[in-house]
A.B. asks: 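Would you mind keeping the following structure in view while I ask a few things?
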Amino acid sequence: MDLKSLYKQMLNIRYFEERLLKLFDEGAVYGTTHTYVGQEANAVSIISQLKDDDVIFSNHRCHGHYLARFDDPEGLLAELMGKEKGVCGGRGGSQHLYRKNFYTSGVQGGFSPIAAGIGFAEKAKGTKNISVAFIGDGTLGQGVVYETLNLSSLLRIPLLIVVENNFYAQTTPISQNLAGSIIARAKAFDVAAGEISSTDVNELYPHFSKIISKVRNEQVPHMEVINTYRFRAHSKGDDYRPKDEIAAFLKNDPLILAARNLQNAECENLKSEVAGRLNSIEQMVRNSADAQLQGVEL
Ligand SMILES: Cc1ncc(C[n+]2csc(CCOP(=O)(O)OP(=O)(O)O)c2C)c(N)n1
């Protein structure tokens, strides 16, 4: 595990998302936007350990997953600003990204059975590639997630479902929308499941090393819950969470936890490097051509 590289990836996500919120306020971004601020350690701990041929499925809160997979803030920003050089030609927008072996959808849970199908196909081909689906706690209300668990268990599909439990589905707290326990739901289908409450890459990375190896080598499904927190509103201004609750979670900011094991000067250099790069990228993207929509039925 290369802590410096993971820290840099997290900075990249954090600074990208904070910049995006400003651009959003300025009216420079198309559609809506759900930022990953606070959850950075999840994406980088897991995705940095995957192989290029593993297949990732993400959701509406996908920017962090994309940036952990591809060091491409330019392609992502251009996409969100409706530019031709966006990763999907500026037509997919924030929630609908595609790049090799990486798919996102704003339809909650919609990708779960597809993730299982891809995992099954990889197993049938004997590749040892795995399928990884990121969902939120609020997505556990979608019936298709349980069909996915059922078939994944019966067919022993190498599918890792990561539940990023940030305790809210938009504005509804988990206590008001989720009965019983998340892990028990997976276990009811005989799918192994576990849970970790951490925002520290030093803990998350080794924790997921074991799980990823098991899914790959034993060719079995697994659901792992990460108890985490988002530091910003659900999407734009819709934040009704108690201020003292937010303040308590901010003490476990994943960037601060990771920086404890790095030299101060090293962190400051990385911060300048990442911020400087994003400054240039923003200028380039602003000055670039808008997406071509000719031929697209609107
Ligand atoms: C099928 C479907 N129903 C409703 C929505 C509207 N919606 C978007 S995000 C969201 C809450 C998602 O909560 P969670 O899965 O916990 O993810 P989080 O936003 O907390 O990361 C809802 C209800 C949607 N995108 N798709």
Side-chain angles (χ1 to χ4, degrees), residues 10 13-14 16-18 20-21 24 29-47 56-68 80 92-98 103-116 132-149 160-183 185-186 193 195-199 204 223-242 245-246 249-250 252 254:
M10 290 198 290
I13 298 170
R14 173 71 56 92
F16 182 94
E17 296 285 58
E18 296 290 7
L20 189 63
L21 286 170
F24 195 93
V29 175
Y30 283 98
T32 186
T33 198
H34 306 82
T35 67
Y36 201 64
V37 178
Q39 298 184 203
E40 296 90 346
N42 306 341
V44 305
S45 298
I46 298 167
I47 294 175
I56 299 172
F57 294 85
S58 174
N59 52 56
H60 56 287
R61 201 173 297 290
C62 59
H63 308 163
H65 303 136
Y66 180 82
L67 292 174
L80 306 181
S94 170
Q95 302 182 76
H96 299 106
L97 305 175
Y98 163 69
Y103 305 84
T104 80
S105 168
V107 181
Q108 281 181 261
F111 261 151
S112 315
I114 299 170
V132 180
F134 289 90
I135 61 173
D137 48 291
T139 301
L140 293 160
Q142 294 292 337
V144 74
V145 172
Y146 303 95
E147 292 182 43
T148 302
L149 286 169
L160 170 59
I161 300 177
V162 179
V163 181
E164 293 186 79
N165 175 20
N166 59 20
F167 302 100
Y168 288 85
Q170 204 146 345
T171 49
T172 311
I174 195 167
S175 58
Q176 286 175 30
N177 72 14
L178 196 135
S181 103
I182 301 176
I183 298 173
R185 291 178 180 208
E195 164 170 41
I196 180 166
S197 300
S198 179
T199 49
L204 287 163
M223 178 189 268
E224 193 68 13
V225 181
I226 307 176
N227 296 315
T228 183
Y229 203 72
R230 61 172 160 73
F231 292 166
R232 294 298 194 155
H234 168 74
S235 51
K236 294 142 298 186
D238 45 348
D239 202 352
Y240 304 97
R241 299 171 302 172
E245 178 184 294
I246 300 174
F249 277 103
L250 280 171
N252 291 324

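Counting from 1, the numbers follow the sequence of the chain as shown. Atoms within a ligand are numbered from 1 in the order they appear, just like the ligands themselves.
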A.B. asks: For atom 14 (P) of ligand 1, what is the closest protein heavy atom, and at what distance to 0.1 Å?
C.D. replies: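 The protein heavy atom lying closest is Gly138 N, 3.4 Å.
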A.B. asks: When you measure from atom 15 (O) of ligand 1 to every protein heavy atom, which one gives the shortest distance, and what is it?
C.D. replies: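 For this ligand atom, the closest protein heavy atom is Thr139 OG1, 2.7 Å.
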A.B. asks: Check His63, His234, His65, His60 against Tyr36 for a ring pair (Phe, Tyr, Trp, His ring centres under 6.0 Å) and give me the one that passes.
C.D. replies: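 Going through His63, His234, His65, His60 one by one, the ring pair (Phe, Tyr, Trp, His ring centres under 6.0 Å) with Tyr36 is satisfied by His65 alone.
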A.B. asks: So which heavy atom on Thr139 is nearest to which on Gly109, and how close?
C.D. replies: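 Thr139 and Gly109 have their closest heavy atoms at CG2-N, 3.3 Å.
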A.B. asks: Name the closest protein heavy atom to atom 8 (C) of ligand 1, giving the residue it belongs to and the distance to 0.1 Å.
C.D. replies: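 The closest one turns out to be Gln108 OE1, 3.8 Å.
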A.B. asks: Among all protein heavy atoms, pick the one closest to atom 1 (C) of ligand 1 and tell me residue, atom and distance.
C.D. replies: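 Answer, as residue, atom name and distance: Gln142 NE2, 3.5 Å.
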A.B. asks: Is any side-chain heavy atom of Val132 closer than 4.5 Å to one of Ile47?
C.D. replies: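 With C-beta onward as the side chain, the pair stays apart.
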A.B. asks: Looking at non-hydrogen atoms alone, which of Gln95, His60, Gln39 comes nearest to atom 19 (O) of ligand 1?
C.D. replies: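 When every heavy atom of Gln95, His60, Gln39 is considered, His60 comes closest to atom 19 (O) of ligand 1.
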A.B. asks: Can you say whether the rings of Tyr103 and Tyr98 are parallel (under 30°), tilted (30 to 60°) or perpendicular (over 60°)?
C.D. replies: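 The rings of Tyr103 and Tyr98 sit tilted, inter-plane angle from 30° to 60°.
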A.B. asks: Identify, by atom number and element, the atoms of ligand 1 in contact range of Gly136, meaning under 4.0 Å from any of its heavy atoms.
C.D. replies: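 Heavy-atom distances to Gly136 below 4.0 Å select 14 (P), 15 (O), 16 (O), 17 (O).
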A.B. asks: Any heavy-atom pair between the side chains of Glu164 and Arg61 that's under 4.5 Å?
C.D. replies: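 A side-chain contact under 4.5 Å is absent here.
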A.B. asks: His234 heavy atoms, cut-off 4.0 Å: which ligand 1 atoms fall inside?
C.D. replies: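 So the atoms of ligand 1 that pass are 9 (S), 10 (C), 11 (C), 19 (O).
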A.B. asks: Does Gln95 offer a backbone N or O that forms a donor-acceptor pair with the side chain of Thr104 under 3.5 Å?
C.D. replies: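 Confirmed, Thr104 side chain pairs with Gln95 backbone.
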A.B. asks: Which residue supplies the protein heavy atom nearest to atom 13 (O) of ligand 1, what is that atom called, and how far is it?
C.D. replies: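 So the nearest neighbour among protein heavy atoms is Ala169 CA, 3.4 Å.
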A.B. asks: Would you check if the side chain of Gln39 reaches a backbone N or O of Val37 as a donor-acceptor pair within less than 3.5 Å?
C.D. replies: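 Such a contact is absent between Gln39 side chain and Val37 backbone.
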A.B. asks: When you compare ligand 1 with Asn166, is there at least one nitrogen or oxygen pair between them that comes in under 3.5 angstrom?
C.D. replies: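 Between Asn166 and ligand 1 (N or O atoms, distance only) the closest approach is under 3.5 Å.
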A.B. asks: Could you give me the CA-CA distance, side-chain angles and deciding distance for Asn227 and Glu195, then say whether side chain to side chain donor-acceptor pair (under 3.5 Å) is met?
C.D. replies: CA-CA 7 Å; Asn227 296 315; Glu195 164 170 41; 2.9 Å; yes
A.B. asks: Any nitrogen or oxygen of Gly106, side chain or backbone, less than 3.5 Å from one on ligand 1?
C.D. replies: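 Gly106 vs ligand 1: N/O contact under 3.5 Å present.
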A.B. asks: Is there a donor-acceptor pair under 3.5 Å between the side chain of Tyr168 and the backbone N or O of Gly138?
C.D. replies: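 No.
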A.B. asks: What protein heavy atom is closest to atom 21 (O) of ligand 1, reported as residue, atom name and distance in Å?
C.D. replies: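 Here the nearest protein heavy atom works out to Arg61 NE, 2.7 Å.
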A.B. asks: For ligand 1, which atoms, with element, lie under 4.0 Å from some heavy atom of Tyr168?
C.D. replies: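 Per the distance check, 16 (O), 20 (O).
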A.B. asks: Tell me which protein heavy atom sits closest to atom 11 (C) of ligand 1, plus the residue, atom name and distance to 0.1 Å.
C.D. replies: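 For atom 11 (C) of ligand 1, the nearest protein heavy atom is Gln170 N, 3.6 Å.
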